[in-house]
Student: 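Here it is, the structure, as structure tokens.
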Amino acid sequence: MLARFWWRRYRFWVRLLTAAAAAAAIGLVVAAWVPGARAAILGAAVTAVATTAVLGVQAQWRRRSDVINSLPVALEIASSRGGFPLVRDVSDAVAAGVHPAAVLEVAGEADRVPPYITRDFEPELHAALRRDGFTLLAGESTAGKTRAAFEAMRLLCGGCRFVAPSSREALPGVLPSLDEAGDYVVWLDDLERFLGPGGLTLSVLHRLLSPPVRTVVLATMRSHEYDRYRDRLEGEMAGAERDVWREGRAVLRQAQVIYVNRRWTAQETIRVQAHASDRRLAQALASADRFGIAESLAAGPELAEAWRYAWTPGHHPRGAALIAAAVGARKAGYHRPLPQAVLERMHEAYLAQRGGSDLRPESLREAMQWALAPTFPGGANSLLIGSAEDGYLAFDYLIDLPGSGTMPDASWSALLEHASGYEAYMLANLALTEGRHDQAIRGYLRGAEAGNPIAEAMLGDLGTPVHPAPESLERAQQYLSQLRHELGSNHAQSLGAEQCVVMLTMQSGRHAEALTLAQDLVARGEPILGSGHRTVLALKHNIAWCTYALGDVDDGLRKLDSAVEECSRTLGPRNTTTVARRIGIVRMLTEAGRIDAARERLAALETDYSDFPPGHIVMIDLQKAANSIYNRERLTDT
């Protein structure tokens, strides 16, 4: 092996020096033993022969140099010097053909490839690589073929040279360089790209695998393409097409084929759980019953790019609007499939928001066809998932994409009309967070009409009670009893319903009872939920409010300021809950006749939130607080 290495590396110089030495030796012999004129003739002949030999070696060197100089163009990945890099130095899996997953920032760098999960077929793959030869991983799109091949190659062939032709036509061009020092891995990701005339034929494959060079040919191929070379299809072809097909089939018959399933096995899925701290793997694991892990990981970026590009005028702007509507529904907390009629109503506002007719939108039929088309041929995932019978959902990955914007009001209305009572309540919560006061009221009304006591409590808190507080309190207590029976007293949902009872007890004017309930509940709930949980934060605010309402004004204000400060630290100073509680203190001071203190706090609020739009719930509440101060002053003056 060592002798072969040095011969391959330095044979050019050996040949050149041999030719020069032979010429010199012959010259010396001639000079010593051949007289006069004959010596001159023989010397000239020897010189001609030596020159021819040297020129031949020089021509070979030039050809070799030309091949080396052309390598960077012929290779998908080249070393810093333009040649074949070592496998161990090829660290960029995406450059090698692995589909990138969602980007995570790790130690200040963008991480596009999640941790690798060992696959069950790896013993077979590793054994094949140790035997050299031609190994092919075949399977559905995004089954994880390329990643598995890449990781196995780096594990077992780190010292080999990495040869990744950039195209079918480039493959024969790299062959002359494969007799250089070292062993090789020829990387043919998506093998169908390399099959055919001018590419990987049976003769080229034999040259790749012929001694003295040790070569591993490692390839991947989509099962859809692999199936095209089944024997049963030969009768469907004729002429030149059949000849090309036969050549491709002959190549594939030389491979040890390892099949990779799109759906992961139970053992593989268990291995994923060990890496669930990576949110990309955790997200893929959550949909493992429907999609392959690798499929979920790989499809996201392509889906996102297809969606972004679709907004381009004349492409698929209506399809993009349909996706935006479906994503908006998922972001809002509506996770059931949407009927096409609802999706159609919702998408119009998204389309108008982006330019409407100026985008030259396609027909609705074309938009739906595009949105439902698999990202990869034969893949299970598309931008929209579902059917006309079952309804449609946006693909999970799209929900977490940044910059998708807020849902237009018309789309909110369409979704609220379709939502159930509980869904309407969840939509109302988001609307309130986004400052959509009118939409929040509508959602809570739908929830209250459906018998949701928490929605009733929220309406009372917003100053628009749908029923008298004692009546709503009775329903809330019944709801709490039901949840305790079904889930237990310490379940988060039960604790939230219990806090709703506290709030409605306060709204019923029973502050002493509400204070006792709140103090007991926060003592039980904080160890379970944590100090930053919204229910715990709300209870601390309830305690402060009841303290103030029971006449201990100074202690109540101190506790209110403390509760608001904790809320601001946890939820953020611009969170609508934080702001609403700050405004609530202004109202309480106004009602207590502390006008100067109320005006001072109101001025601070107006400064802090001056950039909120006029129709935002914060601006509406600030105006109401200002009106209350003005009316109280007028009342005092009279």
Side-chain angles (χ1 to χ4, degrees), residues 406-407 409 412 425 427-445 447-448 454-466 469 472 499-500 502-504 506-507 534 537-542 544-546 548-549 553 556-557 559-635:
T406 58
M407 185 184 296
D409 284 339
W412 267 103
Y425 162 74
L427 293 171
N429 286 338
L430 181 63
L432 191 64
T433 302
E434 293 184 350
R436 299 169 180 263
H437 186 268
D438 293 342
Q439 297 291 354
I441 295 296
R442 289 182 60 194
Y444 287 134
L445 282 171
I454 302 179
E456 291 186 37
M458 290 302 300
L459 286 168
D461 200 43
L462 292 170
T464 54
V466 67
S472 296
Q499 191 271 326
C500 173
V502 171
M503 188 160 55
L504 285 167
M506 289 168 52
Q507 292 172 12
R534 283 180 177 270
L537 294 173
L539 284 167
K540 291 178 179 179
H541 186 262
N542 296 154
W545 185 283
C546 290
Y548 179 93
V553 175
L557 279 173
K559 287 179 177 177
L560 280 168
D561 284 334
S562 175
V564 168
E565 177 60 31
E566 190 172 355
C567 185
S568 180
R569 286 197 309 269
T570 305
L571 304 180
R574 296 174 66 82
N575 182 273
T576 52
T577 299
T578 302
V579 182
R581 289 173 184 171
R582 287 183 66 186
I583 296 173
I585 295 176
V586 174
R587 290 201 188 101
M588 293 174 66
L589 289 169
T590 303
E591 291 170 4
R594 300 187 177 192
I595 302 302
D596 291 341
R599 190 184 294 111
E600 182 182 347
R601 288 180 183 251
L602 179 62
L605 283 163
E606 288 173 338
T607 300
D608 290 345
Y609 306 117
S610 59
D611 58 334
F612 277 83
H616 197 281
I617 188 174
V618 168
M619 303 308 289
I620 293 172
D621 284 350
L622 283 174
Q623 186 59 51
K624 287 180 179 178
N627 293 340
S628 296
I629 292 174
Y630 174 75
N631 292 332
R632 183 64 187 231
E633 285 179 322
R634 286 187 60 189
L635 185 63

Student: Can you give me the closest heavy-atom contact between A455 and A448, atom names plus distance?
Tutor: CB-N, 3.6 Å
Student: For the NZ atom of K624 and the CD1 atom of I629, what is their distance to the nearest 0.5 Å?
Tutor: 15.0 Å
Student: Under the side chain to side chain donor-acceptor pair (under 3.5 Å) rule, collect the residues that match up with N631, sequence neighbours excluded.
Tutor: none
Student: For a quick test of reading the model, state the closest non-hydrogen atom pair linking A598 to L589 and the distance between them.
Tutor: CB-CB, 3.9 Å
Student: Can H541 and T577 be said to form a side chain to side chain contact (heavy atoms under 4.5 Å, CB included), step by step?
Tutor: CA-CA 11 Å; H541 186 262; T577 299; over 6 Å; no
Student: Taking only residues two or more places apart in sequence, or in another chain, which ones meet D561 in a side-chain contact (heavy atoms from CB on, under 4.5 Å)?
Tutor: I585, R601
Student: Identify, with sequence neighbours excluded, every residue that meets ring-ring contact (aromatic ring centres under 6.0 Å, His included) alongside F612.
Tutor: Y609, H616
Student: Indicate the atoms forming the closest heavy-atom contact of T578 with C567, along with that distance.
Tutor: OG1-SG, 3.3 Å
Student: Rounded to the nearest 0.5 Å, what separation is found between the CG atom of D409 and the CD atom of Q439?
Tutor: 5.0 Å
Student: Once you round to the nearest 0.5 Å, how far does CG of L539 lie from CZ of R534?
Tutor: 13.5 Å
Student: Side chains of R594 and L557, heavy atoms from C-beta outward: is any pair under 4.5 Å?
Tutor: yes
Student: What are the two closest heavy atoms between A457 and Q507, and how far apart are they?
Tutor: O-NE2, 3.3 Å
Student: Which residues satisfy the side chain to side chain donor-acceptor pair (under 3.5 Å) test with T590, sequence neighbours excluded?
Tutor: none
Student: Evaluate side chain to side chain contact (heavy atoms under 4.5 Å, CB included) for V586 paired with L622, printing each intermediate quantity in order.
Tutor: CA-CA 9 Å; V586 174; L622 283 174; over 6 Å; no
Student: Taking only residues two or more places apart in sequence or in another chain, which ones pass side chain to side chain donor-acceptor pair (under 3.5 Å) with E600?
Tutor: none
Student: Within the 4.5 Å heavy-atom criterion, are V618 and R574 side-chain neighbours or not?
Tutor: no
Student: Identify the heavy atoms of W412 and M407 that sit nearest to each other, and give their distance.
Tutor: CD1-O, 3.2 Å
Student: Roughly how far, to the nearest 0.5 Å, is the CG atom of L427 from the OH atom of Y444?
Tutor: 10.5 Å
Student: I want to check something: taking the side chain as every heavy atom from C-beta on, are D621 and R587 in contact at a cut-off of under 4.5 Å?
Tutor: yes
Student: For A580, which residues count as a side-chain contact (heavy atoms from CB on, under 4.5 Å) partner, sequence neighbours excluded?
Tutor: none
Student: Using 0.5 Å steps for rounding, measure from the CG atom of L605 to the CE atom of M619.
Tutor: 10.5 Å
Student: Drop me the distance from E606's CD to Q623's CD, to the nearest 0.5 angstrom.
Tutor: 8.0 Å
Student: Between V553 and Y548, what is the shortest heavy-atom contact and its length?
Tutor: CG1-CE1, 3.4 Å
